[in-house]
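Chain letters run A, B, ... following the sequence lines, proteins first, then strands; residues in each count from 1. No hydrogens, no waters, no symmetry mates; every other heavy atom, side chains included, goes into these values.
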Protein chains: 2
Amino acid sequence: MEKIGIEAIKREDTCTCTGIGSVELMQEPQITEEQAVGIAEVFKALGDPTRVKMIYYLQQRELCVHDLATLLEMGQSAVSHQLRYLRDLHIVKRRKVGKTVFYSLDDEHIEQIFVQTLGHLQHM
Amino acid sequence: MEKIGIEAIKREDTCTCTGIGSVELMQEPQITEEQAVGIAEVFKALGDPTRVKMIYYLQQRELCVHDLATLLEMGQSAVSHQLRYLRDLHIVKRRKVGKTVFYSLDDEHIEQIFVQTLGHLQHM
DNA sequence: CTTATATATGAGCATTTACTCATATATTCA
DNA sequence: TGAATATATGAGTAAATGCTCATATATAAG
C-alpha cells in the first residue's frame, strides 16, 4: 500500500505550483490513514443501492429478513449477507423472536447521517 | 438486475412474520431503484480512503494535482484518475492556471455531508 | 521549433464486491 | 422424533474498483 517511488522523489524537486509552497502551508491537523479508512468504511457501507434501500426501510420500522427480501425483491441469502455486513459495522442490530429475526438500525449517528444526506440530495 | 424467481414466489406464500403483515403496512413513500442508485453513488464517492483524504484537504484549500499527490503520497496518475472520478460527479471542480490545474470542492451539499459526518464520527 | 513540465487518459491487473447456489443451523409444530 | 420454516453461511463467480505503467495533451521557456 505504501509506495516510495521515483515519482515521489521527482515530485519534490520540481513543481511549486503557486510558488507559495501551498503544501507547506497546510498546517491544519492532517488526516491519518486510519481515520481516512474509518470514515471511508462508513460511507462505503451506505454506498450501495441495496444497502441504501435496506437502511431506508429500517429507518421507518423494524423488519424481518423475509419482509426485507420481499420489499427489496431479492433472494433471502443476498439480504442475509448484506445484513451481516451492516451488523458487523454496528449499523443494524438483531432481535430474535422464535424462528424470525427482526432487524433495526443500531446507530443513531449513522441514521442521522443518512437522513441528513437524503435531505441534502433533495435540494440538488 | 430485476429477478423474478422461485424464491420470490415461495416467499409470498409462507411467512407473515409478526402476522400483522408488516410489509403491507409499509405505506410511506417507497424508494425507487433510481433514487437508491443516486444516493448510493454519492456515498460511494466518499467511501474510499484516498477520496476521503482528497476531500478533507480540498475542504481546507484549493490544491493542484501535484500538491495533492505529495500530500497523499501517491502517484500523479492515481490522483488524476480519482479527481476525474470526483469531477464527473460534480464533487470537485477545476481551475487552470498555465500548466497547473487547481482543484476545489464544487458542491456545498457534499461538503456539508462530509463535514457533518466527520462530526458524527468523532462522537462514536 | 524543441525541450521540459503538469496533467490526463487508456490498458492491464490484482483485489474487492455483491450476488447465486447449496447447505447448515435453529426453532416450531405435528 | 421428524418435517417444515426462517435465517445464516461458505464457496464460487462476474463485475466493479483502484491502482500502475506507458503515453498523450497542453502550456511555458529556451
(request) Spell out protein contact along nucleotides 24-30 of chain C as letters: B when the base is contacted, S when just the sugar-phosphate is, - when no protein heavy atom is under 4.0 Å; keep the 5' to 3' order. (result) --SBS--
(request) Answer yes or no: is there a side-chain heavy-atom contact under 4.5 Å between B:His109 and A:Leu121? (result) no
(message) Between B:Thr70 (side chain only) and B:His66 (backbone N and O only), is there a donor and an acceptor less than 3.5 Å apart?
(response) yes
(message) How many whole angstroms separate atom CD of A:Glu73 from atom P of C:dT20?
(response) 13 Å
(message) Reading DNA chain C from 5' onward, which residue's closest nucleotide shows up sooner: A:Ala78 or B:Arg94?
(response) B:Arg94
(message) Which nucleotide wins on minimum distance to the side chain of A:Arg51, given the candidates D:dT7, C:dA18, D:dG18?
(response) C:dA18
(request) Identify the heavy atoms of A:Leu46 and A:Phe114 that sit nearest to each other, and give their distance. (result) CD2-CD1, 4.5 Å
(message) Please determine whether a side-chain nitrogen or oxygen atom of B:Thr50 lies at a distance below 4.0 Å from atom OP1 or OP2 of D:dC19.
(response) yes
(request) Check the distance between D:dT7's P and A:Met54's CE and give it to me in whole angstrom. (result) 12 Å
(message) Can you see if the side chain of A:Lys44 gets near the phosphate of C:dT16 - specifically, an N or O under 4.0 Å from OP1 or OP2?
(response) no
(message) Rounding to an integer number of Å, can you tell me how far B:Met74 CE sits from C:dT7 C1'?
(response) 15 Å
(message) Tell me whether B:Arg51 contacts the main-chain N or O of B:Ala45 through its side chain, where contact means a donor paired with an acceptor under 3.5 Å.
(response) yes
(message) On the side chain of A:Ser77, is there an atom forming a donor-acceptor pair with the base of D:dT9 - under 3.5 Å, no angle test?
(response) yes
(message) Could you go through A:Gln30 and B:Tyr56, starting from their C-alpha distance and side-chain angles, then the distance that decides it, and tell me whether this counts as side-chain hydrogen bond (donor to acceptor under 3.5 Å, both in side chains)?
(response) CA-CA 9 Å; A:Gln30 303 293 303; B:Tyr56 179 84; over 6 Å; no
(request) Go through the N and O atoms of the side chain of A:Gln76 and the base of D:dA6, and report whether any donor-acceptor pair is under 3.5 Å. (result) no
(message) Tell me which residues in residues 80-88 of chain A lie within less than 4.0 Å of DNA chain C, going by non-hydrogen atoms.
(response) A:His81, A:Gln82
(message) Expressed as a whole number of angstroms, how long is the span from A:Phe43:CZ to D:dT17:C1'?
(response) 19 Å
Residues 83-90 of chain A, side-chain donor-acceptor partners within the protein, below 3.5 Å, at least two apart:
| residue | atom | partner | partner atom | Å |
| --- | --- | --- | --- | --- |
| A:Arg84 | NH1 | A:Asp88 | OD1 | 3.4 |

(request) Would you kindly give the CG-to-P distance between B:Leu72 and D:dC19, to the nearest whole Å? (result) 9 Å
(request) Quick one: pull up CD in A:Glu33 and CD in A:Gln35 and give me the separation to the nearest 0.5 Å. (result) 10.5 Å
(message) Once rounded to the nearest 0.5 Å, what's the spacing between atom CG of A:Asp67 and atom CD of A:Glu62?
(response) 11.0 Å
(message) What is the separation between atom CG on A:Asp67 and atom P on D:dT5, rounded to the nearest whole Å?
(response) 16 Å
(request) To the nearest Å, give me how far apart CZ (B:Phe102) and C1' (C:dA6) are. (result) 11 Å
(request) May I have the distance from A:Leu89 (atom CG) to C:dT17 (atom C1'), rounded to whole angstrom? (result) 14 Å
(request) Could you tell me whether the side chain of A:Thr117 and the main chain of A:Ile113 form a donor-acceptor pair under 3.5 Å? (result) yes
